[in-house]
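Worksheet: the structure to be examined is printed underneath.
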Number of protein chains: 2
Amino acid sequence: MNIGDVSRLSGLPPKTIRYYEDIGLIKPLRSSNGYRAFRDKDLHKLNFLARARSLGFSIEDCRTLLELYEDQDRTSADVKKVAETHLERIDEKIRELKAMRETLNELVDACHGDHRPDCPILKGLSSPTQ
Amino acid sequence: MNIGDVSRLSGLPPKTIRYYEDIGLIKPLRSSNGYRAFRDKDLHKLNFLARARSLGFSIEDCRTLLELYEDQDRTSADVKKVAETHLERIDEKIRELKAMRETLNELVDACHGDHRPDCPILKGLSSPTQ
DNA sequence: GCTTGACCCTCCAGTTGCGGGAAGCCCCAT
DNA sequence: ATGGGGCTTCCCGCAACTGGAGGGTCAAGC
């Protein structure tokens, strides 16, 4: 399989796939013409990566998960730990965003949004958030 | 005021303040010794920026907001539009994160997390998300 | 046999919003 | 005069790619 094939099959752009090879996440073979030659194994890894990335795992998390994925002697506890840590980061991010949303929404609600220059949003940004 | 002073007063690191000057968000004067000389006006802007950034506005949004802040002929509708657009981006981000959280949480819950290698999390990542 | 177009390759630069660190002034206190 | 801050500029690096330049390869059609 060429890069275009695995790109279509995994949904990852060719650029991303080359990047994943650069940083050592996958190691496709090479054809005599210099083209990358992907095996099923490589495609499986790319699918794995695509799904892990879509769940928000960092590249380094993905590297760890891929290693665990390939290690027959892993323990599920190790995997769960990585996932739980990531879950907490997500929760933290959601909390942050909700706090932003809260404050921002108050400002937006207070703003009449007409042709006049008077604006509670700018006022809110220019004076301390109590 | 030197950069250290406005840094303490605004809570922004000196590096950030220099960066904001680099990209033209603030234009402090210069003392004869080459030090940046911040006026009250500059400090106000930095405080404004610190608050806008803490609400998640991008630098370009901040640039727009600062321009509106300084424009006596602005309309509050213009400001509100920027804020509402940002609010939608935040909501979108929250939705994405919640979806991730959902899926990830199911996987974590399904994983017993013991010494055995069998792991629903890895299984979930290696087979299509239905 | 030649051209065309779709692939593929590498390498370099840019993105966002800074942070780290080097190398070198400046200023004040001892 | 010497030490310790503080200030300056400059350049590199981060994450995770994306875009583009410049060039080789392959298969089909004429």
Side-chain angles (χ1 to χ4, degrees), chain A residues 1-39 42-43 45-46 48-66 85-86 89-90 93 96-97 100, chain B residues 1-39 42-43 45-46 48-66 85-86 89-90 93 96-97 100:
Chain A
M1 282 180 291
N2 282 345
I3 200 167
D5 304 319
V6 288
S7 171
R8 274 180 290 277
L9 290 168
S10 67
L12 293 171
K15 281 275 187 181
T16 300
I17 297 173
R18 291 193 193 101
Y19 173 67
Y20 288 171
E21 184 190 11
D22 269 2
I23 62 174
L25 288 180
I26 52 167
K27 293 175 180 41
L29 303 176
R30 292 290 175 142
S31 305
S32 52
N33 59 10
Y35 288 15
R36 287 169 183 81
F38 296 85
R39 295 153 290 181
D42 300 312
L43 177 57
K45 279 198 188 185
L46 288 172
F48 185 98
L49 287 166
R51 293 190 194 104
R53 291 289 296 137
S54 80
L55 288 181
F57 284 105
S58 72
I59 291 285
E60 283 319 301
D61 278 348
C62 288
R63 194 187 298 278
T64 306
L65 289 171
L66 259 188
T85 302
H86 179 47
R89 275 199 305 265
I90 289 181
K93 206 96 182 65
E96 279 174 25
L97 285 172
M100 283 180 190
Chain B
M1 283 179 289
N2 282 345
I3 200 168
D5 304 319
V6 287
S7 171
R8 274 180 291 279
L9 290 170
S10 67
L12 292 171
K15 281 274 189 184
T16 300
I17 296 173
R18 291 192 193 102
Y19 174 66
Y20 288 171
E21 185 190 10
D22 269 3
I23 61 174
L25 289 180
I26 51 166
K27 294 177 181 37
L29 303 177
R30 293 291 174 141
S31 306
S32 51
N33 59 9
Y35 287 17
R36 286 170 184 80
F38 295 85
R39 295 153 292 180
D42 300 312
L43 178 57
K45 279 197 188 185
L46 288 172
F48 185 98
L49 287 166
R51 292 190 196 105
R53 292 288 297 139
S54 80
L55 288 181
F57 283 105
S58 72
I59 290 285
E60 284 318 302
D61 278 349
C62 288
R63 195 187 298 277
T64 305
L65 288 172
L66 259 188
T85 302
H86 179 47
R89 276 200 304 265
I90 290 182
K93 206 96 181 65
E96 278 174 25
L97 285 171
M100 283 181 189

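First the proteins, then the strands, lettered A, B, ... as listed; each starts at 1.
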Identify the pairs formed between an N or O of the protein and an N or O of nucleotides 21-26 of chain C at a distance under 3.5 Å, and give each distance.
{"unit_1": "dG21(C)", "atom_1": "O6", "unit_2": "Lys15(B)", "atom_2": "NZ", "d": "2.3"}

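dC9(C) atom P lies 13 Å from atom CG of Leu29(A), rounded to whole Å. Going from atom CZ of Arg63(B) over to atom P of dC18(C) covers 12 Å, rounded to whole Å. Separating the CE atom of Met1(A) from the C1' atom of dC8(C) is a distance of 16 Å, rounded to the nearest angstrom.
Residues Lys45(B) and Leu25(B) are not in side-chain contact: their nearest non-hydrogen atoms beyond the backbone lie 4.5 Å or more apart. Here the side chains of Leu46(B) and Tyr20(B) are in contact, with some heavy-atom distance below 4.5 Å. Considering only heavy atoms from C-beta on, Met1(A) comes within 4.5 Å of Leu9(A) through its side chain. Put simply, the side chain of Leu66(A) reaches to within 4.5 Å of the side chain of Phe48(A), judged on heavy atoms. For the pair Asn2(A) and Tyr35(A), the minimum side-chain heavy-atom distance is below 4.5 Å. Within the 4.5 Å cutoff, no side-chain heavy atoms of Arg36(B) are placed close to those of Asp42(B).
Of all nucleotides in DNA chain D having an atom under 4.0 Å from a heavy atom of chain B, the first and last in 5' to 3' order are dG6(D) to dC10(D).
When every heavy atom of Pro14(B) is checked against every heavy atom of Ile3(B), the shortest pair comes out as O-CD1, 3.6 Å.
Proximity of Thr16(B) to the phosphate of dG19(C): a side-chain N or O atom is located under 4.0 Å from OP1 or OP2.
Five base pairs at each end of the helix from dG1(C)-dC30(D) to dT30(C)-dA1(D) define two local axes, and these are offset by 30° (rounded to 10°).
Checked for salt-bridge contact, Asp61(B) and Arg89(B) meet the test: a charged N lies under 4.0 Å from a carboxylate O. A salt bridge does not link Glu21(A) with Lys27(A): every distance from a Lys NZ or Arg NE/NH1/NH2 to an Asp or Glu carboxylate oxygen is 4.0 Å or more. Taking 4.0 Å as the cut-off between side-chain N and carboxylate O, Lys93(A) and Glu96(B) do not count as a salt-bridged pair.
Between Arg8(B) and Glu21(B), the residue anchored nearer the 5' end of DNA chain D, judged by the nucleotide with its closest heavy atom, is Arg8(B). Position along DNA chain C of the nearest nucleotide to Ala37(A) versus Pro13(B) favours Ala37(A) as the more 5'-ward residue.
The main-chain N or O of Leu12(B) is found under 3.5 Å from a side-chain atom of Ser10(B) such that the two form a donor-acceptor pair.
Counting any heavy atom pair closer than 4.0 Å across all strands shown, Arg18(B) reaches a base atom.
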